[in-house]
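As structure tokens, the structure follows; a few thoughts come after it.
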Amino acid sequence: MERTSIGIILNGVTGRMGYRQHLVRSLLAIREQGGLPARDGSRIWPELTLVGRNEARLAEIAARHGLDSYTTDLDAALANDAHRIYFDAQVTAQREKAIRAAIEAGKHVYTEKPLAEGLTGSLELARLAAARGVKNGVVQDKLFLPGLRKLKRLVDGGFFGRILSVRGEFGYWVFEGDWQDAQRPSWNYRAEDGGGITVDMFPHWHYVLEQIFGPVTAVTAVTATHVPERVDENGVTYRATADDAAYGIFELAGGIIAQINSSWAVRVYRDELVEFQVDGTHGSAVAGLRECRIQHRGATPMPVWNPDLPVTEPFRAQWQTVPDNADYDNGFKVQWESFLRHVVDDEPFPWDFMAGARGVQLAEAGLRSAREGRRITVEEIAR
Ligand SMILES: NC(=O)c1ccc[n+]([C@@H]2O[C@H](COP(=O)([O-])OP(=O)(O)OC[C@H]3O[C@@H](n4cnc5c(N)ncnc54)[C@H](O)[C@@H]3O)[C@@H](O)[C@H]2O)c1
């Protein structure tokens, strides 16, 4: 079958996200399935060029996956007209200037979140991309997870009646790095390197809340650095200058209150690493990454508060599992397919730089709320 080859520069491919989710689970997986059907009957075929700082590591990854194009010279890769898309999964602090160069080189740009470290930089990138006429997108992978897709289906189907509140619990224990290695890179714990859980997770919460429940209108947050000292990849002790927990209350249009705890200093007593409980007048749901459980108003028990008695109801057993009713592919891959169709066939792609900028805006507002000890209104950004 005829191929429509599309050259993609992958920057940050030696990192956790760049390698596992974007290269292996998305783009190589698309090639393994024979490409992606295009409107003209051909197959969209990603031609990959790996970019990074360490040539030996790039060569090793390329060899492992039968690829032959890699370089440490981003400018040279951007100067090549065969490359139509620039993708960025570098550490956050390196992103803005690389994306700016890619836009100036006329590339369509797709990127990990957060789009940039600050709102001003994010909006500048959105403006530059619009002015240069390049297509642009930001990863919003959680929207494509089975648990959240089932949750969205419940909202769309009117299951909840009037939605009252959302409570989210995200996190797990990230080891300090002394007696066991830390399972996240050390830059995440240094503010000066673009780290911090608010900057990392609020962009996710922003699109989850906005696209499933409604726009965020205000935020109140408390942040903390619970573990002040950690040990890095080289065994060197460093001071954690970034927040490792953020306790946020988000007010949504329509009066829904969402409260989400994000922490790298919490031990998991949950079924999944993130869970959202949604309560509505007609029913409630608890959604994780994969599963979603519901309780309808007609099946709601009537607990009576009496601490003198043992628990009388098997509360967890009273919930029903929402069936898949669909095949769920890897969320990063599904969004990549959408972006490729957007570039090749001009299909709609709502998760653009402006959407990414709104996520960064919420992170900034959250940090400001914590710093100033007050509620911050989230203003609508004019296009
Ligand atoms: N969508 C998600 O769920 C999700 C999850 C985790 C991280 N992320 C985002 O992905 C990006 C990468 O995160 P990661 O966890 O893969 O990080 P990582 O540390 O594993 O990888 C970072 C990559 O950036 C490169 N890099 C370029 N300049 C660098 C510099 N000066 N210092 C250090 N590394 C540099 C590294 O070589 C590596 O390829 C971040 O922006 C992060 O916010 C997204």
Side-chain angles (χ1 to χ4, degrees), residues 9-26 49-62 70-74 77 86-99 101-102 109-118 121-122 125 137-145 147-148 170-172 174 177 181-208 230 232-234 238 242-243 246 262 264 272-274 289 330-336 339 351 355-356 359-360 362-363:
I9 298 169
L10 284 177
N11 196 4
V13 80
T14 57
R16 292 184 323 148
M17 300 311 292
Y19 179 72
R20 183 91 218 125
Q21 295 303 336
H22 294 285
L23 176 66
V24 176
R25 301 279 284 133
S26 298
T49 291
L50 314 183
V51 173
R53 298 172 299 163
N54 184 327
E55 184 154 2
R57 290 188 65 196
L58 293 173
E60 196 263 316
I61 291 174
Y70 58 88
T71 178
T72 55
D73 187 345
L74 175 61
Y86 171 76
F87 172 70
D88 194 298
Q90 296 187 96
V91 288
T92 308
Q94 297 298 319
R95 181 159 301 139
E96 193 176 325
K97 69 170 187 289
I99 291 184
V109 181
Y110 185 46
T111 180
E112 257 299 347
K113 46 53 63 181
L115 173 56
E117 284 182 280
S122 301
L125 291 181
V138 179
V139 171
Q140 300 199 343
D141 54 291
K142 308 286 177 276
L143 290 176
F144 303 90
L145 290 165
L148 291 183
F170 163 84
Y172 47 93
V174 176
D181 289 344
Q183 70 273 39
R184 289 181 63 80
S186 59
W187 64 264
N188 284 283
Y189 303 92
R190 290 189 294 264
E192 60 277 22
D193 290 339
I197 202 165
T198 308
V199 170
D200 192 38
M201 297 313 298
F202 277 29
H204 285 299
W205 306 150
H206 179 266
Y207 64 73
V208 165
R230 291 177 174 271
D232 73 11
E233 294 78 2
N234 304 313
Y238 65 98
D243 46 309
S262 315
W264 289 318
E272 304 199 53
L273 295 191
V274 64
L289 302 175
N330 176 289
F332 291 88
K333 174 166 172 266
V334 174
Q335 203 184 356
W336 258 110
F339 189 72
W351 313 287
V360 173
L362 186 64

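Every number for a ligand or one of its atoms is a count from 1 in the order of the listing. FYI, side chains are in, hydrogens and waters are out, and symmetry mates aren't considered; it's all heavy atoms of this structure.
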Backbone N/O of Gln90 and side chain of Arg95: donor-acceptor pair under 3.5 Å: yes
Numbered atoms of ligand 1 (with element) below 4.0 Å of Asp141, judged on heavy atoms: 1 (N), 2 (C), 3 (O)
min-distance protein heavy atom vs atom 13 (O) of ligand 1 -> Trp187 CZ2, 3.5 Å
Starting from atom 43 (O) of ligand 1, find the nearest protein heavy-atom neighbour and note its residue, name and distance. Lys113 O, 3.0 Å
What is the minimum heavy-atom distance between Gly194 and Val199, and which atoms define it? O-CG1, 4.3 Å
Who's closest to atom 44 (C) of ligand 1 heavy-atom-wise, of Arg20, Glu112, Arg184? Glu112
Please write down residue, atom name and distance for the protein heavy atom closest to atom 39 (O) of ligand 1. Thr14 OG1, 2.7 Å
Measuring from the heavy atoms of Ala93, does anything fall under 4.0 Å of ligand 1? no
Could you tell me which atoms of ligand 1, counted from 1 in the order shown, lie closer than 4.0 angstrom to a heavy atom of Arg95? 11 (C), 40 (C), 41 (O)
Regarding ligand 1, does Thr92 bring an N or O atom to under 3.5 Å of one of the ligand's N or O atoms? yes
Donor-acceptor under 3.5 Å (Glu96 side chain, Ala116 main chain): no
Is Val91 in polar range of ligand 1, meaning some N or O pair under 3.5 Å apart? yes
Where the closest heavy atom to atom 2 (C) of ligand 1 is concerned, which of Met17, Arg57, Gln21, Glu233 has it? Met17
For Lys142, atoms of ligand 1 separated by under 4.0 Å from a heavy atom: 3 (O)
Would you say the side chains of Asp141 and Gln335 form a donor-acceptor pair under 3.5 Å? no
Who's closest to atom 34 (N) of ligand 1 heavy-atom-wise, of Arg53, Arg16, Gln140, Gln90? Arg53
Which of the numbered atoms in ligand 1 are under 4.0 angstrom from any heavy atom belonging to His204? 1 (N), 2 (C), 3 (O)
Flag, side chain of Glu233 to backbone of Ser186, donor-acceptor distance under 3.5 Å: yes
Classify the contact between Asp200 and ligand 1 as side chain, backbone, both or neither, using a heavy-atom distance cut-off of under 4.0 Å. side chain
Just to check, does Tyr19 reach to within less than 4.0 Å of ligand 1 when the distance is taken from its heavy atoms? no
Flag for His204-Tyr207: side-chain donor and acceptor within less than 3.5 Å: yes
Ala89 near ligand 1, heavy-atom distance under 4.0 Å? yes
Tell me, please, whether Phe332 has Arg25 positioned over its six-membered ring: NZ or CZ under 6.0 Å from the ring centre and within 45 degrees of its axis? no
Output the list of atoms in ligand 1 that are nearer than 4.0 Å to some heavy atom of Pro114, sorted by atom number. 43 (O)
Flag, side chain of Asp193 to backbone of Gly195, donor-acceptor distance under 3.5 Å: no
If I apply the N/O under 3.5 Å rule, does Gly15 come out as touching ligand 1? yes
Sequence neighbours excluded, the answer for ring-ring contact (aromatic ring centres under 6.0 Å, His included) partners of Tyr110 is Phe87, Trp336, Phe339
List the closest protein heavy-atom neighbour of atom 28 (N) of ligand 1: residue, atom name, distance to the nearest 0.1 Å. Gln94 CG, 3.4 Å
Do the side chains of Ile61 and Tyr70 get nearer than 4.5 Å, heavy atoms only? no
Short list, please: which atoms of ligand 1 are under 4.0 Å from a heavy atom of Gly12? 39 (O)
Which one of Thr72, Leu58, Val13, Asn11 satisfies the side-chain contact (heavy atoms from CB on, under 4.5 Å) criterion with Val51? Asn11
Determine whether a donor-acceptor pair (N or O, by modelled atom type, separation under 3.5 Å) exists between the side chain of Asp243 and the backbone of Thr198. yes
